[in-house]
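Each chain gets a letter, A, B and so on, in the order its sequence line appears, and its residues count up from 1.
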Number of protein chains: 2
Amino acid sequence: MSVFLPLDPFSTEAIGPRVYRAIREAIVCLRLTPGQIVSEAEVARQFGASRQPVHDAFVRLELSGLLHVLPQRGTRVARISPKDVRDAQVIRRAVEAATVERACALRRPESLAALALNLERQAIAAAEPEPHAFLKLDEEFHRLLAECADLPMAWAIIEDAKSHMDRVRFLSLPQTTPLAALIRQHKAIVAGIAAGDWAAAREALSEHFCELDKSLPALEAKYPDLFERDDARALGR
Amino acid sequence: MSVFLPLDPFSTEAIGPRVYRAIREAIVCLRLTPGQIVSEAEVARQFGASRQPVHDAFVRLELSGLLHVLPQRGTRVARISPKDVRDAQVIRRAVEAATVERACALRRPESLAALALNLERQAIAAAEPEPHAFLKLDEEFHRLLAECADLPMAWAIIEDAKSHMDRVRFLSLPQTTPLAALIRQHKAIVAGIAAGDWAAAREALSEHFCELDKSLPALEAKYPDLFERDDARALGR
DNA sequence: TCTAGCCAACTAACATGTCAGTTGCGTTCG
DNA sequence: CGAACGCAACTGACATGTTAGTTGGCTAGA
């Protein structure tokens, strides 16, 4: 049993992007452990593909900061770096605020309808014991926000920042913030956009980012091996 | 005579990153024309390297939106897209504002000293007829800002956004904004950070972004072939 | 003249071969 | 026992071979 979701053998999509998404998903969902060593050849073997598409994926994941490639030595899944998580949050807060601001200015009816539909689905998914469906919808929600602002570049950045924050969220899944609060904030954001009320939307968004920081120190104490130490960059440990 | 700066044959740095930088620089400085077709094999030949490092560079440049790769068909230098330029500006404004805000909070003496030194050099470079030195220092200035805020992620984003804006700037080089105004804004930003006066720094920064928009329509009319048309994505043209 | 079809030449995607650098583990020598 | 050496096994970087998909031009047929 592999840590990667198997590739659909009937898909006509190129292998490269599918391998990339599969590896990324495994990292963000912590099925690839922070700090774990991975090798291009070994991962290629697991996918039944050649090293080339895996190499391309590694290049992209290194750019996102999810992998650390040490030339001629090896590659490891980036440990969770509290600084990186906080920095990603700063970036995301700035970019997503600008996104919401523009969404307020545009108020695209189709995108707002898509957001409303997504909100309904969130309410349903929140009732399930399995959090996976909700997390997927949460991702979709923020993608739709960027679409609503007609800012695809913003989504690329938010997606990257989010990946670092999501690993922490996955780590704290049992004692996570009640989903009801998140949904309430989501609804307030959409309401703000629909009303063209930037201040309200911005306020709701900024609440959305407050939770994470509090849980970080406890998690770091509980799972020290998954966290980056400020010193020591050796391959060992 | 090639559009690429030749690679230093004595460098011990890996070929990949050097090829990447050389291609990127050629695109941003418009020595590779927007819309121009490039091929991995041909570029590799020009560098005297294999296709592999060029391929890796293409992957990264496509992610930045500076290249458009059409699978099995070809790759072309992205035309200047007014929407992309404006979107990049929105992103950069948001991220760089957050950067300056944090720089104001940190007020790192070493980074401020480096900024001060850079400002002096800008004043000297502004006197030269050749704008290249100044543009290099401008790039350095914004990198130092991110360093001052201890936000390396922000610099990666700003660098990407900047590349799209810089192509427009290169296009308008003769009738560009007087450098004196830019330097004045730079000084105001640094003064604001040094004083911990976020409002002042933010104000100076936002002036910094006002120039570009005005020149876009005229440039688009003057060089229609270098600009993205909203329709038509065919390889021809 | 126009059209349909074939084909050569190109592309990037994918696969694999080769290389230099790194590492860790034995072994050998002090 | 411990330090130094050497070697085998690994890594990703780089090189190159192979393939499928696209394109544009030529030609055969109307």
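- Contact of the B:R60 side chain with the B:L63 side chain is not registered, since no non-hydrogen atoms from C-beta on lie closer than 4.5 Å.
- Under a 3.5 Å cut-off, the side chain of B:R76 and the backbone N or O of B:G35 do form a donor-acceptor pair.
- When the C1' atom of C:dC10 is taken as reference, atom CZ of B:R51 falls 13 Å away, rounded to whole Å.
- Nearest to the side-chain atoms of A:R73 among the listed nucleotides C:dA12, D:dT18, C:dT23 stands C:dT23.
- Between A:F47 atom CZ and C:dC14 atom C1' the separation is 15 Å, expressed in whole Å.
- Using a 4.0 Å heavy-atom cutoff across all strands shown, A:E40 reaches sugar-phosphate atoms only and no base atom.
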Going through the distances and angles, do A:H208 and A:H142 end up as a ring pair (Phe, Tyr, Trp, His ring centres under 6.0 Å)? CA-CA 12 Å; A:H208 210 55; A:H142 291 281; 5.4 Å; yes
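- Here D:dG12 presents its P atom at 16 Å from NE2 of B:H55, a figure rounded to the nearest Å.
- Both A:I15 and A:P71 lie close to DNA chain C; mapped to their nearest nucleotides by heavy-atom distance, the more 5′-ward contact belongs to A:I15.
- Taking atom CG of A:L61 as the reference point, atom P of D:dG12 lies 13 Å away to the nearest angstrom.
- What separates CD of B:E62 from P of C:dT11 is a distance of 17 Å, to the nearest Å.
- Of the candidate nucleotides C:dA13, D:dA13, D:dA15, D:dA15 has the atom lying nearest to any side-chain atom of B:A49.
- Considering only side-chain atoms of B:S50, the nucleotide from C:dA15, D:dG12, D:dA15 that sits closest is D:dA15.
- Side-chain atoms of B:H68 and B:E228, non-hydrogen and from C-beta on, do get closer than 4.5 Å to each other.
- The interatomic distance linking A:L70 (CG) with D:dA13 (P) rounds to 10 Å, in whole Å.
- Here B:V38 lies in heavy-atom contact (under 4.0 Å) with sugar-phosphate atoms only.
- When distances are taken from the side chain of B:Q72 to each of D:dC14, D:dG21, C:dC14, the shortest belongs to D:dG21.
- Rounded to whole Å, the distance from NE2 on A:H68 to C1' on C:dT22 is 19 Å.
- Taking 3.5 Å as the limit, the base of C:dA15 and the side chain of A:Q52 contain a donor-acceptor pair of atoms between them.
- Taking atom CD of B:E42 as the reference point, atom P of C:dC10 lies 11 Å away to the nearest angstrom.
- Taking every side-chain heavy atom of B:P53 into account, D:dC14 is the closest of D:dA13, D:dT23, D:dC14.
- Each of A:A14 and B:S39 was matched to the nucleotide of DNA chain C holding its nearest heavy atom; the match closer to the 5' end belongs to B:S39.
- Judged by distance alone, the side chain of B:R18 and the main-chain N or O of B:A14 form a donor-acceptor pair under 3.5 Å.
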